[in-house]
Amino acid sequence: MAAVTPHPECTYPPKDVPMTDRVENSLGAPDLPADPVGRLASGKLNISSIVFFVVAAAAPLTIVLSGGPFSMHVGGLGAPGAMLFTGIVLFLFACGFTAMSKYVRDAGAFYAYASRGLGSVLGGGTALMTMAAYGVCVVGFTGYVGFFAAGTANDVLHLDLPWQVWSLLCAAIVGVIGYCQVDIGAKVLAVLLSLEIGVVLILIVFVLIKGGPEAPSAAPFALHNVFFVPGSGTLFLLAFGAYIGFEGTAIYAEEAKAPERTIPYATYIAIGFLATFYAFSYWVVIYGYGMEGAAAAASSDNFLNMVFGLADKYVGGGLVTAMQVLIVTSMLACTIAFHNACTRYLFSLGRNGVLPQALARTHPRMYSPHFASMVVSTVTVIGLVAAIIFKLDPYLQLGTWFYASGVLGVVAAQAVCALAVVAFFFRDRRGHSALRVIVAPLLGFLGLTGALILMVGNFSIISGYTAALPNTIMVGAMPAAFIVGMLLIWNQSRRATDGHAVRVGRDVRHDQLQTFDGAEPAPLD
């Protein structure tokens, strides 16, 4: 793959921008030229666009086709109830998360929140850990795309190409979309996500119309099946991983239309949709087989084909083929969303001086964080080339190792952020009710912490490996990134010449909320 070079018009700093025209920087680092460096295209994304980004990151079709059967295989038929309960925990977290989005608006959302609530050092740790988590997910999902694309192309098109070709093609497509204007990526995801959800809805309709072999049962939501059966802990371990990506609503705050309304609505819609879609889809699969039949299918060696078998029985081979194709596009959409998230964390870290400020360059016409995007693309290709050289399996090693570590990092960042929200509003609730900004996020923190304990304690189930060394590396990668981030901020604070503590994250001011069409921004309150 040819090396990427900056656009010839993207000199740093831009020649036509007066050096006196600066954007205020909250770190005390050298200020950045206001335009086009350090500024994203505001007013580009509406609620539906952001929902497409974050739901695509959750890869709902992939979760239904593979995550659901695996959950039932290791944890039993309480998987639908576990999905619903997990959605409730994340909704509680989102109550405070969205309230805080009104006061802290930054493309590196989690670390800005953590910094404001818990201090800049912990904010820096959260910053690097979250960026690393999204980054390894990008690399891991290119492996998944290569694996499934090779199989689908062979089965459907009789085209026999190695997974390496498909993975590199995926990296190229994602890189181009990430380089472009943000609403272009939203339109691509809108199409892909609509198709993957559509095939599941077709299956649901056919199963409900034709009916299952047994009467409908509420047993998959019963407390004893969800919480009190052997292996129930793994249900929640997998369930929290299935929601990864919903927290990405806040990273688009600077690019959203009326973000004080758009971000909360998009977050609630994303969580509500995923909880309903996952729980109902899982339940329909169980209903289609019947309780006894679903238990037998989930415990068999062929459990990963449960949904494909159901589609073939109730609809026909055409839907099976569509699912084979769309699981590839589902993972491609997920990779695009993770790439965008990682890019914006790099952009924000560069803008605030934690990482080289060149990462804060934005395209002179599209105002996309194109330089940070090229860095993510380059690292992704390097990771793929390394995997090819060392002959890693695209699914069991490249995909699963990286994704499992990334899930751990994102859930840990969510837990830190939930605690930061409580700390931020504990001093001043700013007119919000205690239930929304103290009680709800505290309950969310407890749920996320419990999930984190389950993930670490049962990590071999996610990774697929029982050996200590690979699990230690995967579990330890995110805490290592957290420590490095804390050290970066601590060192920057120690070397500050103005005597002020470094604070990560930008305060929202009305004069920072201009839109590119000249419209007056909506009030914050």
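What you see below is based on every heavy atom in this structure, not just the backbone, and it leaves out hydrogens, waters and symmetry mates.
A donor atom on one side chain and an acceptor atom on the other are found under 3.5 Å apart for Thr62 and Ser330. One side chain, Ser373 or His339, offers a donor N or O that lies under 3.5 Å from an acceptor on the other. Side-chain atoms of Ser217 and Tyr287 form no donor-acceptor pair, as typed in the model, at a separation below 3.5 Å. Side-chain polar atoms of Tyr144 and Thr335 form no donor-acceptor pair below 3.5 angstrom. With no hydrogens or angles considered, no side-chain donor-acceptor pair links Gln324 and Thr152 at under 3.5 Å.
Checking Phe338, Tyr243, Phe240, Tyr134 one by one against Val410, the side chain to side chain contact (heavy atoms under 4.5 Å, CB included) holds for a single residue, Tyr134.
The shortest non-hydrogen separation linking Met306 to Ala294 is CE-O, 4.1 Å. In this structure, Ala415 and Thr449 approach most closely via the heavy-atom pair CB-OG1, 4.4 Å. Taking all atoms of both residues into account, the shortest heavy-atom contact from Gly75 to Thr234 is CA-OG1, 3.8 Å.
The OG atom of Ser167 sits 11.0 Å away from atom CZ of Phe147, with the distance rounded to the nearest 0.5 Å. Atoms CG and CH2, from Asp393 and Trp401 in turn, are 9.5 Å apart once rounded to the nearest 0.5 Å.
Summarising the local packing, CZ of Phe206 is surrounded by 12 or fewer heavy atoms from other residues, nucleotides or ligands at distances under 6.0 Å. The 12-atom threshold is not exceeded at OH of Tyr265, counting heavy atoms of other residues, nucleotides or ligands nearer than 6.0 Å.
Here Tyr113 and Phe424 keep their ring centres 6.0 angstrom or further from each other.
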